[in-house]
2 protein chains.
Amino acid sequence: MTVSLEQLEAFVASAEHGSFSAAGRALRKAQSAISTQVANLETDLGVMLFRREGRHPVLTPAGDRLLREARVVLDRRAHLIGVAASFEAHVESRLVVAIDELYPEAVQAELLAEFAAHFPHVELELLFPMMEDVSRLVLDGKADIGVMWRQEVLPPEIGFHTLGWVPLQLVCGKDHPLAEGVVEWEDLKRHRQLMVAVRSEGPEKQRLRTAAEVWWVESHWVILQLVRRGIGWALVPDHIIRESTVREDLAIPPLRFDGADWPVALELVWHKQRPSGPAARWLRERFTARRISDWPDPIGG
Amino acid sequence: MTVSLEQLEAFVASAEHGSFSAAGRALRKAQSAISTQVANLETDLGVMLFRREGRHPVLTPAGDRLLREARVVLDRRAHLIGVAASFEAHVESRLVVAIDELYPEAVQAELLAEFAAHFPHVELELLFPMMEDVSRLVLDGKADIGVMWRQEVLPPEIGFHTLGWVPLQLVCGKDHPLAEGVVEWEDLKRHRQLMVAVRSEGPEKQRLRTAAEVWWVESHWVILQLVRRGIGWALVPDHIIRESTVREDLAIPPLRFDGADWPVALELVWHKQRPSGPAARWLRERFTARRISDWPDPIGG
DNA sequence: TAGCATCCATCTGAAAATCAGATAGGCCGA
DNA sequence: TCGGCCTATCTGATTTTCAGATGGATGCTA
């Protein structure tokens, strides 16, 4: 005879419930069934799993080790059944999500943890496109869902939903001239501005442009590295400044002028024509429910 | 009905052999048995595993994914049976090996890879004791096998076997005075020597001592870092110099005197009284078979 | 210490699953 | 078109699993 799953179930239940009788009750089987299953398992494996002195059977060292192995086998079967159930429900077996770095990592991690709990059988691929456009990835079918900073007017095939507005903050290096005092609007124009590079061309690309001289850099994180070296100033979201490893070397100078939080829209985007499965719908709903106002407080707030 | 291992076996065999009939031949069962098992599995999972158009059944996407899961379940059962067989053969479920850094990492990795292949069910714990004595770990039962640099006379409870002699090399920093020309014996005495610190006291500790001024450092790797800074000279085995990340900053000056490879004995040690299982015996044999002459060539040779 | 509840092992017959063999039908190359 | 190979399904036999009953042992408790 070979090791069967019923034997392993009886074994695990016995170990978990402390007795063969209790295991039988838990599995809705007779005590005799459990007893013989465990006994057969022991002869099959050639190893004693329980010591039977005393009132309750107690695991031998071998039993303790094999219990873990048995649990793994049963867990894998349960997992297989779960995967099959996902197929039956036409859940995507794979989901590609492209997220701009503007979206806070902490919120993203929380959301994806929830996702993993709800859809343990979906292979998730996360993209963090640097210079590539998230909307283009979604348009080309390379991503199912995207979270992006709205740069241009979106093509009509793309469905979108505004998640909120991310306030940007003016930062420069500690030794930068702007760090000296209160900053005037005209001051900004005189120094080099560092901006996030995008592939697409259009008016939105220039919206935040203030200075005469601009460097285009592919990531806010890299921008902070350059800002720290005094290469220029930049507009960067709070949470990226906060989580940066170089934040001690950065300065956030006070401003003399109003309305200067330069908000940027974060959009959730998807392809209207491509049918989305339960996993994509769920994730879209969760992204939408997580308003930006729920996000962790900005520095000094 | 629930998913059984027989169903998974029939499924995997069918996928691997390309047809239900071939699977039946491979499993020494009738074709009808395979056919019904697979069909039952499909109804249990609610998912079509094969498309039956044409001559041979061909996996559906779901079947392809679930095939991997099925293999995992079967592999885990095989693993469980293997663990049980190890227990039956009284193989250790755990083995602690303490290896001195003098033993080359490459050889050690090769040996342990072989070990993992032979004893996949043994939990191996590797210790790389710095200042602690390997012999003491073995004596106290904290390690089952040890590989150590012989420092003192070993206590009688310890069994040992000499694996070979590791030649040491004189190294100093590139800017160290000794790097200038050919080194005389008397030159060594004038400069600071860096030696490996050991807890035990005794004459062996001082055997390699040459200089008047000595610093004791807990690891050859750390010694090389200090040597690189010009803090002193040291005797270090070839392979550690070769694998060091700072080897470009080191100098190996030529010597004016003979017999200057300062060989150090590497010993395999174990506790005589404690019974050793098959895994420990196997590992001891393999360590012994790997003579030091088999080791990779030293620098320049 | 005796009684009682609970546990385990084992037996027995019934229920269920598995299997081999047979049969019928489909696909494909010669 | 035929023959070989395949699959699905049926049937009865074999094997396995199961529940219930019984006897013996343990431990708690009055």
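Below, chain A is the first sequence line, B the second, and so on; all start at residue 1.
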Pick base, sugar-phosphate or nothing for B:Ser19, based on heavy-atom distances below 4.0 Å to the nucleic acid. sugar-phosphate
Between P on D:dT7 and NE2 on B:His56, what's the gap in Å once rounded to a whole number? 8 Å
Contacts of type salt bridge (charged side-chain N to carboxylate O under 4.0 Å, His left out), residue A:Glu110, not counting sequence neighbours: A:Arg290
Name every residue in residues 57-65 of chain A that has at least one heavy atom under 4.0 Å from any atom of DNA chain C, in order of residue number, or write none if there are no such residues. A:Pro57
In whole angstroms, how far is the P atom of D:dT17 from the CG atom of A:Leu27? 15 Å
Whole-Å distance separating the CG atom of B:Asn40 from the C1' atom of C:dA17: 10 Å
What's the NE2-P distance between B:His17 and D:dC5, to the nearest Å? 17 Å
Rounded to whole Å, how long is the line connecting atom CZ of A:Arg28 with atom P of D:dA19? 11 Å
Taking B:Arg274 for the side chain and B:Val138 for the main chain, is one N or O donor matched with an acceptor at less than 3.5 Å? yes
Look only at the side chain of B:His271 and the backbone of B:Gln273, and say whether a donor-acceptor pair between them is shorter than 3.5 Å. yes
List in chain and number order the residues that pass salt bridge (charged side-chain N to carboxylate O under 4.0 Å, His left out) with A:Arg51, two or more places apart in sequence or in another chain; answer none if no residue qualifies. A:Glu53
How does protein contact run along nucleotides 8-14 of chain D, one letter per nucleotide 5' to 3', with B for base contact, S for sugar-phosphate only, - for none, heavy atoms under 4.0 Å? BB-----
Protein and nucleotides 24-26 of chain D: nitrogen or oxygen contacts under 3.5 angstrom:
from, atom 1, to, atom 2, distance (Å)
D:dT26, O2, A:Arg55, NH1, 2.6

Nearest 0.5 angstrom please: A:Gln37 CD to A:Asp44 CG, how far? 9.5 Å
Nearest-Å distance for atom pair CG/C1', residues B:Asp44 and C:dA16: 14 Å
Quick one: is C:dC7 close enough that its OP1 or OP2 comes under 4.0 Å of any side-chain N or O from A:Arg25? yes
With sequence neighbours left out, write down each residue that passes side chain to side chain contact (heavy atoms under 4.5 Å, CB included) with B:Glu9, or none if nothing qualifies. B:Leu74, B:Arg77
With sequence neighbours excluded, tell me which residues meet side chain to side chain donor-acceptor pair (under 3.5 Å) with B:Glu125. B:Arg94
For B:Ala84, give me all partners under side chain to side chain contact (heavy atoms under 4.5 Å, CB included), at least two apart in sequence or on another chain. A:Leu45, A:Val47, A:Leu66
Quick one: side chain to side chain contact (heavy atoms under 4.5 Å, CB included) partners of A:Ala39, sequence neighbours excluded? none
Can you pull out every ring pair (Phe, Tyr, Trp, His ring centres under 6.0 Å) where at least one residue sits in residues 68-94 of chain B? Sequence neighbours excluded, please. B:His79-B:His121
Mind calculating the distance between NZ (A:Lys29) and P (C:dA16) to the nearest angstrom? 14 Å
Below 4.0 angstrom, N of the basic side chain to O of the carboxylate: do B:Glu69 and B:Arg65 qualify? yes
Sequence neighbours excluded, which residues qualify as salt bridge (charged side-chain N to carboxylate O under 4.0 Å, His left out) partners of A:Glu16? A:Arg71
Taking atom P of D:dT16 as reference, at what distance in whole Å does atom CD of A:Gln7 sit? 11 Å
Kindly calculate the angle separating the two end axes of the helix from C:dT1-D:dA30 to C:dA30-D:dT1, each obtained from five base pairs, and round it to 10 degrees. 30°
Using modelled atom types and a 3.5 Å cut-off, is there a donor and acceptor pairing between side-chain atoms of B:Asp100 and backbone atoms of B:Val147? no
Using modelled atom types only, decide if a donor and an acceptor are shared between the side chain of B:Glu42 and the backbone of B:Leu49 within a distance under 3.5 Å. yes
